[in-house]
Structure formats: C-alpha cells, structure tokens
A.B. asks: 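This is the structure I have questions about; it appears just below.
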Amino acid sequence: MVLPRCFYIRSDVVAIARELLGKTLYSQVDGILTGGIITETEAYAGITDRASHAWNGRRTERTEIMYGAGGTAYIYLCYGVHSLFNVVTNRKEIPHAVLVRAIQPVEGMAAILERLGKKKYDNRITSGPGKVTKALGIHYSQTGADLTKKPSGLQENAIWIEDRKFDLSEYRLEVTPRIGVSYAGKDAGLPFRFLLHIK
DNA sequence: CGGCCGATCCACT
DNA sequence: GTGGATCGGCCGA
C-alpha cells in the first residue's frame with residue numbers, strides 16, 4: 001500500500017518520524033527501480049526548532065516546499081556534495097519534515113551497488129543520508145516530488161513510500177538526539193532521532 | 001556582491 | 001581520528 005496523504009498531514013512530526021521506520025522507500029529513475037526499508041529517521045519540527053531550515057519562520061525558495069501540504073519531498077544539497085532526502089509533513093503553512101538517514105536495500109540491489117561503487121553488500125553501505133540518496137539515484141533537483149504517487153510506467157521517474165507490513169519484531173527501537181545539529185542550542189539535545197537495530 | 005558555512009562522506013594516517 | 005572536498009544558500013553590507 002502506498003502511504004496516503006493522510007499519513008503525512010498529521011501534526012505530530014516526531015510520531016511520523018518513528019512510524020516511517022519499517023516503511024519502504026522506492027525510487028524509479030531512468031527506468032530503474034530501487035528501494036529499501038527505512039531504518040533511521042530524524043524529525044525537524046518547523047519554525048520553533050533551531051535545527052530546522054524553517055526555524056524562526058525562515059522561508060526561501062529552497063524551503064518553500066516545506067510550507068506546502070505533507071507528502072512531498074524536500075531534497076537539498078549539503079556540503080556542496082550530498083543530496084539529503086526529507087519527507088514533508090503536516091498541513092499547508094506548517095513546515096515540518098523528516099530526514100531519512102538510513103535504509104536497508106530490498107529492491108534493485110545490483111543498481112544500488114553500481115551507484116555506490118561497491119562490489120559487495122554490507123549493512124553500512126546505505127547508512128547515512130548522503131548514501132541513501134546516492135543508492136536510490138535521488139538528486140536535489142527532484143525536490144517537491146509527490147511521494148503519494150506510484151509511477152504508472154517505467155519511463156516515469158518517481159519517489160514514493162509504501163507500507164509493506166515489514167515485520168519489526170526482530171528489531172529494537174533506539175531514540176537519540178539528532179546528528180550534526182550542535183549549532184541548534186537547546187534543541188540540539190531533543191530526542192528526535194529514531195533507529196532500528198537487530199535484536 | 002562577498003564571505004561564511006553546512007541535517008556529510010571518504011581517504012588517509 | 002582528522003581534514004579536505006565542494007558549491008548552493010543565506011545573511012549582512
């Protein structure tokens with residue numbers, strides 16, 4: 001089942017970040033289907049969150065997509081090198097988002113290895129937000145993509161998220177502060193990062 | 001318009 | 001453990 005708009009437009013971005021664990025993120029780029037189970041996320045809570053690009057109501061051409069209704073992608077360039085993929089949540093004018101930091105590949109492994117320049121799979125090659133987008137062929141130019149639409153044909157490029165009822169009983173949930181946000185003052189310590197670990 | 005810096009990654013020591 | 005890559009976005013002048 002493709003996650004519907006109503007999953008995303010809810011108001012609790014921290015709950016959505018937690019619930020995205022175990023869902024499957026797919027991309028279809030140039031006719032190649034790749035996907036993985038989401039295993040690490042971080043919540044960014046909009047204008048009151050100093051770690052968010054929308055902190056204090058900051059609203060620019062880049063961040064505009066976060067001010068639209070949830071269920072779209074906010075993808076931006078980090079360190080001049082890496083595209084970072086976020087899920088926009090909440091209703092119009094509330095700029096919440098969830099950063100996807102790690103996946104476990106389940107579809108298109110050969111293409112994923114090729115894109116990452118790896119010969120063999122190990123469970124770290126798609127651990128890290130820059131590596132997730134590289135593996136899935138996601139580029140910051142795709143910011144604004146509608147995540148609720150599965151492509152109808154191979155020629156259509158798309159990014160979407162499905163609930164494949166992945167069994168999480170063999171995993172435990174870890175909750176920690178977010179990574180790389182030491183500039184965020186008191187918000188740097190918020191428990192907004194969620195990870196799955198094998199038991 | 002100039003300058004600083006980042007929700008990172010990898011090679012190298 | 002550390003430092004360099006790399007460049008668009010943002011802010012202040």
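Chain letters run A, B, ... following the sequence lines, proteins first, then strands; residues in each count from 1.
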A.B. asks: For DNA chain C, which ranges pair as stems of 3 or more consecutive Watson-Crick or G-U pairs, with both donor-acceptor distances under 3.5 Å?
C.D. replies: B:1-6 with C:7-12, B:8-12 with C:1-5
A.B. asks: Would you call A/K165 and A/D163 a salt bridge, using N to O less than 4.0 angstrom?
C.D. replies: yes
A.B. asks: CD1 of A/I112 to NZ of A/K131: how many Å apart, nearest 0.5 Å?
C.D. replies: 13.5 Å
A.B. asks: Whole Å only: how far is the CG atom of A/L84 from the P atom of B/dT8?
C.D. replies: 6 Å
A.B. asks: Drop me the distance from A/E107's CD to A/E162's CD, to the nearest 0.5 angstrom.
C.D. replies: 9.5 Å
A.B. asks: Could you measure the distance from the OG1 atom of A/T41 to the CG atom of A/L195? Nearest 0.5 Å is fine.
C.D. replies: 8.0 Å
A.B. asks: Would you mind reading off the distance between A/D49 atom CG and B/dA7 atom C1', rounded to a whole angstrom?
C.D. replies: 10 Å
A.B. asks: With A/R164 as the cation and A/Y26 as the aromatic partner, state whether NZ or CZ is under 6.0 Å from the six-membered ring centre and within 45° of the axis.
C.D. replies: no
A.B. asks: Within residues 119-139 of chain A, which residues have any heavy atom lying less than 4.0 Å from an atom of DNA chain C?
C.D. replies: none
A.B. asks: Taking the side chain from A/N90 and the backbone from A/P95, do they hold a donor-acceptor pair closer than 3.5 Å?
C.D. replies: no
A.B. asks: What's A/L99 touching, base or sugar-phosphate or nothing? Going by heavy atoms closer than 4.0 Å.
C.D. replies: base
A.B. asks: Between atom CD1 of A/I38 and atom CD1 of A/I103, what is the distance when rounded to the nearest 0.5 Å?
C.D. replies: 8.5 Å
A.B. asks: Do you know which two heavy atoms are closest between A/S27 and A/I138, and how far apart they sit?
C.D. replies: CB-CG1, 4.3 Å
A.B. asks: How many whole angstroms separate atom CD1 of A/I179 from atom C1' of B/dC9?
C.D. replies: 14 Å
A.B. asks: Using atom CZ of A/R178 as one end and atom P of B/dG6 as the other, report the distance to the nearest whole Å.
C.D. replies: 15 Å
A.B. asks: Is the shortest distance from a Lys or Arg side-chain nitrogen in A/K150 or A/E156 to a carboxylate oxygen in the other one below 4.0 Å?
C.D. replies: no
A.B. asks: If you look at every heavy atom in A/G70 and A/Y8, which pair is closest and at what distance?
C.D. replies: C-CB, 3.7 Å
A.B. asks: For the pair made of CD in A/E40 and C1' in B/dC9, what is the distance, rounded to whole Å?
C.D. replies: 14 Å
A.B. asks: Would a distance-only check, ignoring hydrogens and angles, find a side-chain to backbone donor-acceptor pair under 3.5 Å from A/E42 to A/I179?
C.D. replies: yes
A.B. asks: Within the 4.0 Å limit for protein heavy atoms, which parts of nucleotides 2-13 of chain C are touched? Write it as a string from 5' to 3', B for base, S for sugar-phosphate only, - for none.
C.D. replies: ----BBSSSS--
A.B. asks: Provide the distance between the two C1' atoms, one in C/dG3 and one in B/dC5, to the nearest whole Å.
C.D. replies: 16 Å
